[in-house]
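Remarks on the structure that follows.
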Amino acid sequence: MRILVVSDLHSNLEALQTVLTNTQGEYTQVVCCGDLVGYGPDPNAIVDWVRENVSAVVRGNHDKVGCGIDDAEGFNEVAKAAAYWTRGQVTPENLQYLRDLPIGPLEVMSSFAILHGSPSDEDEYITTSWEAAEVFKHLIHPVSFFGHTHLQGGFFRAPNGPVQVIPAPVGKGETRRVMELKAGQTYYINPGSVGQPRDGDKRAGFAIYDTAGFIEFGRIPYDIETTMDKMRQAGLPEFLARRLGLGR
Ligand code: ZN
């Protein structure tokens, strides 16, 4: 079975549509590691798509703030401005959907689970191997997909071995990279951010999990200019628009 794994969509419809076009026919279900909304200009279109097409989804920190079940106090000024803008845009049905999103980790199959930040805290950034070492104590599935950092890659550990980093898996000159999963190892995998990559590569990120034992990481360029124009027309902070063009 092949499963499309997406995370941190952040209301970026152009990025999502491009990922879907690029992966058409390659998977039988989609799962999402949270942050449907926040930052971008199309929160309703993204939530509508998730409601119709995603078989398993967990909430992210921006979903909590965007639907008002958490305040924006931990956010910087631009994230806060975008969160308040999002709250004003989202339809009552979509607002309720965001409020009802489950907290990760969520088991999707016996082989894998999805979550947003870390197993104990959806707001926690796991970027280093020593932060990940703490996480691995709590992982109960061979593969867990997470998001939040917007950095494609993640970590793995052999039984009793040290946690090892999976650095940016897809090079600038390529669009896909397949990683083989070894039996007995545990994997903590970030599929990359669809809607706001921050690893220096502005292309939309995603992963396809093949339960036969592979993860295929993907990067695909999308029409960033259109997304930036929409953000400017919506009155979203200019910094957020420019950030998309930098991939940081
Ligand atoms: Zn995010």
Side-chain angles (χ1 to χ4, degrees), residues 5-16 19 30-43 45-47 49-50 54 56-87 89-90 94 97-98 101-106 114-119 121-127 131 135 144-154 168 188-207 217 219 222 224 227 231 236-237 239-244 246-248:
V5 187
V6 293
S7 189
D8 298 279
L9 286 75
H10 285 299
S11 303
N12 187 333
L13 187 60
E14 286 69 37
L16 175 64
V19 168
V30 192
V31 300
C32 174
C33 302
D35 275 4
L36 286 58
V37 301
Y39 298 131
D42 287 304
I46 295 292
V47 177
W49 175 82
V50 170
V54 169
V57 52
V58 291
R59 73 183 190 189
N61 55 320
H62 284 264
D63 303 318
K64 283 193 292 181
V65 175
C67 72
I69 54 176
D70 200 359
D71 63 42
E73 286 319 304
F75 279 11
N76 61 38
E77 288 308 310
V78 287
K80 205 182 275 184
Y84 291 142
W85 179 88
T86 299
R87 258 185 224 178
Q89 296 291 316
V90 176
N94 284 342
Y97 179 80
L98 290 173
L101 281 175
I103 304 169
L106 177 68
I114 55 173
L115 58 121
H116 189 64
S118 78
D121 183 356
E122 59 208 344
D123 291 72
E124 188 177 4
Y125 289 91
I126 304 301
T127 53
E131 287 163 343
V135 167
S144 296
F145 290 98
F146 73 107
H148 196 47
T149 63
H150 300 206
L151 307 173
Q152 191 174 51
Y188 196 57
I189 300 292
N190 191 320
S193 169
V194 171
Q196 196 203 72
R198 293 180 192 161
D199 44 16
D201 185 341
K202 62 188 177 184
R203 298 176 298 171
F206 60 92
F217 291 99
R219 294 307 276 256
Y222 69 96
I224 293 178
T227 310
M231 290 172 76
L236 285 159
F239 170 83
L240 294 176
R242 254 182 287 145
R243 172 175 215 178
L244 292 181
L246 301 172
R248 289 200 185 280

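We count ligands from 1, going down the list as the structure has it; atoms in each ligand are counted the same way. Quantities reported herein were computed from a predicted structural model and do not represent experimental measurements. Residues take their numbers from the sequence shown, with the count starting at 1.
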Legend entry - Least distance between heavy atoms, H148 atom then G117 atom: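 It is CB-CA, 4.0 Å.
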Legend entry - Member of R87, K80, K64 meeting the salt bridge (Lys or Arg N to Asp or Glu O under 4.0 Å) criterion with D70: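 Looking at R87, K80, K64, the match for D70 under the salt bridge (Lys or Arg N to Asp or Glu O under 4.0 Å) is K64.
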Legend entry - 2.8 Å cut-off met by an N, O or S atom of H116 to the Zn ion (ligand 1):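 Here the distance criterion (N, O or S atom, under 2.8 Å) is not met by H116, so no.
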Inset, instruction - Taking the Zn ion (ligand 1) as the reference point, name the nearest N/O/S atom of H150. - result: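 The nearest such atom is NE2.
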Inset, instruction - Tell me which N, O or S atom of D35 sits nearest to the Zn ion (ligand 1). - result: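 Sorting the N, O and S atoms of D35 by distance to the Zn ion (ligand 1) puts OD2 first.
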Inset, instruction - Determine, for D199 against R219, whether the closest basic-nitrogen to carboxylate-oxygen distance falls under 4.0 angstrom. - result: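 Looking at D199 and R219, the cut-off is met.
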Legend entry - Opening angle between NE2 in H10 and OD1 in D8, taken at the Zn ion (ligand 1), to 10 degrees: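 Value, to the nearest 10 degrees: 110°.
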Legend entry - I189 side chain near F217 side chain, heavy-atom distance below 4.5 Å: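 Touching, per the 4.5 Å side-chain cut-off.
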